[in-house]
A.B. asks: 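Take this structure, written in structure tokens, and hold onto it; I'll ask about it next.
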Amino acid sequence: MASGDVFDAETKSLAVPKVNLLTMFRLGLFQMGLSMMSILTLGVLNRVMIQEIAIPATLVSVVLALPLFVSPSRVWFGQISDAKPLWGYHRTAYVWVGAAIFAIAAFLAVQVMWQMNSAATSAGGWVWTTQTIGWIALLALVFAIYGLAICASGTAFAALLVDISEEDNRSKVVGVVWSMLMVGIIVGAIISSSLLKQLTPEANIETLQAAVNRLFIIVPAIVFGLAIAATFGVEKKYSQYLSRSTLVNREDSITLGNAWRILTASPQTGLFFTFLLVMTISLFMQDPVLEPYAGQVFKMPLAESTKLNVFYGTGILIAYGVTGFFIVPRLGKRRTARLGCMLVAFCSLLLGISGFTANPAFLKLGLVLFGLATGFLTTAAISLMLDLTAAEAAGTFIGAWGLAQSMSRGLAVVIGGTVLDIGRQLLPSLELAYGLVFALEAVGMVLSIWFLNRVNVTEFQTSTKQAIASVLESDLD
């Protein structure tokens, strides 16, 4: 029997219910938790380390980017979740174990940060000594472990979305689940702001330390609970993983070597990988500098600058709800993504200009518009990404796309911090230094359109199906 016949027979023999709207929202709780963790690292720690502890922005951005630079592990984690079930589950157990590890690692990272502050204080300011280098190395290690846990958990979760969805309802799944990610940004910002509201610009380090420690106990515990609540029972009920298996012993068929053959079968994989890379760098270059921007240029206290994510998240949340259900079905994924790129470029320039007004209301308006543009772009890009994912090797492809996104977010964080330091050295004002970061974002968005125009989904699907058939036939010989 040919491999295609096996696939058809198994597909007909297994009836899997379609995921309902309530389950989509429940799955979104995991994304909500991930965005809450992002608020802690890139919404609180960046501000504390750059402004309150006065560590160079370039060094801070490199350390905070480490969880993203370990993203090559996503391909391995994706392939492992395809091939080796853990406790009887291909996805769920990886989500839970990863969530437990990154929650613990986040708290440990904060404790190391305070030791760095003590070392800097004893030296009269930040200087490169054996002690500070040692604490930086330890902080880097903790953030690397944190990143590996995010990779394991996030890749398995994204592959689960492929397992439970079909092409006709995929944009809805993306719209609902990623809407909850934005809810997480809003909720995380509100919780963080509430727990930090007693801090004033004149607060001493002991008060700051107590407030931040409490924050990093409460929020990671909530996030771990959300990961369990989001995925409990979903894989068993809705996963079409088995119906998409082309061999009984499929987990032995998609080896790491075969996964690489499938990934490289179509040049479209490389084109879309590059589009994701450039787009994501341009989308997130402001991540490490936004809160310091609010503090240094707009004179906002820590709690207020953290709450800026509410405005950004609100814009994205509105766009996700509208784009997934109304815009993408009408304009198509590619045209919506192209429109999103142009809107993000415009809003990036608007954020840069807002610094010259020193008006917080202008900054908040710019963030709402930036969020709307980001939501348009990411909904279309993620929907396109899932179309460019072979269901028979979903974990492997999701790992590859996750690699592109994570590496580029890491590069974006480093580039943003480095450009800010360069701007502060070369330009006459803080407004121009921060504005340079936003201007580079706009340029990158225009460049990403060039790569997007060359992506062909049909060609990808044809080439990849042939590669999978070849792999499976070679295993049968």
A.B. asks: Does the side chain to side chain contact (heavy atoms under 4.5 Å, CB included) test come out yes or no for Tyr312 and Leu308, once each step is laid out?
C.D. replies: CA-CA 7 Å; Tyr312 173 64; Leu308 286 175; over 6 Å; no
A.B. asks: Check Arg334 against Leu452 and note the closest heavy-atom contact, atom names and distance.
C.D. replies: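 Looking at all heavy atoms of both residues, the shortest contact is NH1-O, 2.8 Å.
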A.B. asks: Just how far is it from atom CG of Leu283 to atom OG1 of Thr378, taken to the nearest 0.5 Å?
C.D. replies: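 The distance works out to 7.0 Å.
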A.B. asks: Nearest 0.5 Å please: distance from the CH2 atom of Trp96 over to the CD1 atom of Ile228.
C.D. replies: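 Answer for the CH2-CD1 pair, Trp96 versus Ile228, is 6.0 Å.
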A.B. asks: So do Asn213 and Gln111 actually touch side chain to side chain, heavy atoms under 4.5 Å?
C.D. replies: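 Yes - at least one pair of side-chain heavy atoms lies under 4.5 Å apart.
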A.B. asks: Run Ile316 and Leu372 through side chain to side chain contact (heavy atoms under 4.5 Å, CB included) and show every step you take.
C.D. replies: CA-CA 5 Å; Ile316 296 184; Leu372 285 168; over 6 Å; no
A.B. asks: State, to 0.1 Å, how close Ala149 and Gly98 come at their nearest heavy-atom pair, and which atoms those are.
C.D. replies: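 Where Ala149 meets Gly98 most closely, the heavy atoms are CB-O, 3.3 Å.
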A.B. asks: Donor-acceptor check, side chain of Arg338 to backbone of Ile449, threshold 3.5 angstrom: yes or no?
C.D. replies: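 No; judged by distance alone, with no hydrogens or angles, the pair does not exist.
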A.B. asks: Using side-chain heavy atoms (C-beta onward) and a distance below 4.5 Å, is Val443 in contact with Leu447?
C.D. replies: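 Counting from C-beta outward, Val443 and Leu447 never come under 4.5 Å.
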A.B. asks: Taking C-beta and beyond as the side chain, do Leu351 and Glu441 meet within less than 4.5 Å on heavy atoms?
C.D. replies: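 A side-chain contact under 4.5 Å is absent here.
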A.B. asks: Between Ser118 (side chain only) and Trp114 (backbone N and O only), is there a donor and an acceptor less than 3.5 Å apart?
C.D. replies: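 Yes; at least one donor-acceptor contact below 3.5 Å.
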A.B. asks: Side chains of Leu290 and Leu367: does their closest heavy-atom pair fall under 4.5 Å?
C.D. replies: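 Result yes, sub-4.5 Å side-chain heavy-atom pair found.
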A.B. asks: Should we count CZ of Phe346 as having more than 12 external heavy atoms under 6.0 Å?
C.D. replies: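 For Phe346, atom CZ is not crowded (no more than 12 foreign heavy atoms under 6.0 Å).
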A.B. asks: Looking at every heavy atom in both Thr280 and Ser408, which two are closest together, and how far apart are they?
C.D. replies: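 Distance-wise, the nearest heavy atoms are CB-OG, 3.0 Å.
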A.B. asks: Within the supplied structure, the quantity of interest is the number of heavy atoms (other residues, nucleotides, ligands) at a distance under 6.0 Å from Arg335 CZ; does it exceed 12?
C.D. replies: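 Counting other residues, nucleotides and ligands, CZ of Arg335 stays at 12 neighbours or fewer.
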A.B. asks: If I take atom CG from residue Leu343 and atom OG from residue Ser348, how far apart are they, to the nearest 0.5 angstrom?
C.D. replies: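 Reported value, rounded in 0.5 Å steps: 10.5 Å.
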A.B. asks: Of all heavy-atom pairs between Leu139 and Met113, which one has the smallest distance, and what is that distance?
C.D. replies: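 Looking at all heavy atoms of both residues, the closest pair is CD1-N, 4.5 Å.
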A.B. asks: Evaluate the side-chain proximity of Val413 to Phe284: yes if any heavy-atom separation is below 4.5 Å, no if none is.
C.D. replies: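 The answer is no; the side chains never approach within 4.5 Å.
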A.B. asks: Can you tell if the side chain of Phe157 reaches within under 4.5 Å of the side chain of Gln31, non-hydrogen atoms only?
C.D. replies: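 With C-beta onward as the side chain, the pair touches.
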A.B. asks: Using the side-chain hydrogen bond (donor to acceptor under 3.5 Å, both in side chains) definition, which of the options Arg424, Gln286, Gln296 pairs with Tyr434?
C.D. replies: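 With Tyr434 as partner, Arg424, Gln286, Gln296 yield a single side-chain hydrogen bond (donor to acceptor under 3.5 Å, both in side chains), made by Gln296.
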A.B. asks: Measuring centre to centre across the rings, with the benzene-like ring taken for any Trp, is Phe438 within less than 6.0 Å of Phe370?
C.D. replies: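 Distance test on ring centres: not under 6.0 Å, no.
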A.B. asks: Any donor and acceptor pair, going by atom type alone, linking the side chain of Thr418 with main-chain N or O of Ile415 inside 3.5 Å?
C.D. replies: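 Not confirmed, Thr418 side chain does not pair with Ile415 backbone.
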A.B. asks: Measure across Gly371 and Ala319 and return the closest heavy-atom pair with its distance rounded to 0.1 Å.
C.D. replies: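 That would be O-CB, 4.4 Å.
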A.B. asks: For the atom pair OH (Tyr146) and CZ (Phe102), what is the distance rounded to the nearest 0.5 Å?
C.D. replies: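 Separation between the atoms: 6.5 Å.
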A.B. asks: Could you pull out the closest heavy-atom pair between Met445 and Cys341, with the gap in Å?
C.D. replies: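 Nearest pair, atom of Met445 first, then Cys341: CB-O, 3.6 Å.
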A.B. asks: Does the pair Ile150 and Leu34 meet the rule for a side chain to side chain contact (heavy atoms under 4.5 Å, CB included), with working shown?
C.D. replies: CA-CA 8 Å; Ile150 291 285; Leu34 283 188; 3.7 Å; yes
A.B. asks: How long is the gap from CD1 on Ile222 to CE on Met36, to the nearest 0.5 Å?
C.D. replies: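 Taking CD1 in Ile222 and CE in Met36, the distance rounds to 5.0 Å.
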A.B. asks: For the CG atom of Leu426 and the CG atom of Leu432, what is their distance to the nearest 0.5 Å?
C.D. replies: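 Answer rounded to 0.5 Å: 11.5 Å.
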A.B. asks: Side chains of Leu138 and Gln115: closer than 4.5 Å at any heavy-atom pair?
C.D. replies: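 Result no, sub-4.5 Å side-chain heavy-atom pair not found.
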A.B. asks: Is the ring pair Phe298/Tyr293 parallel, tilted or perpendicular, if the boundaries are 30 and 60 degrees?
C.D. replies: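 Perpendicular.
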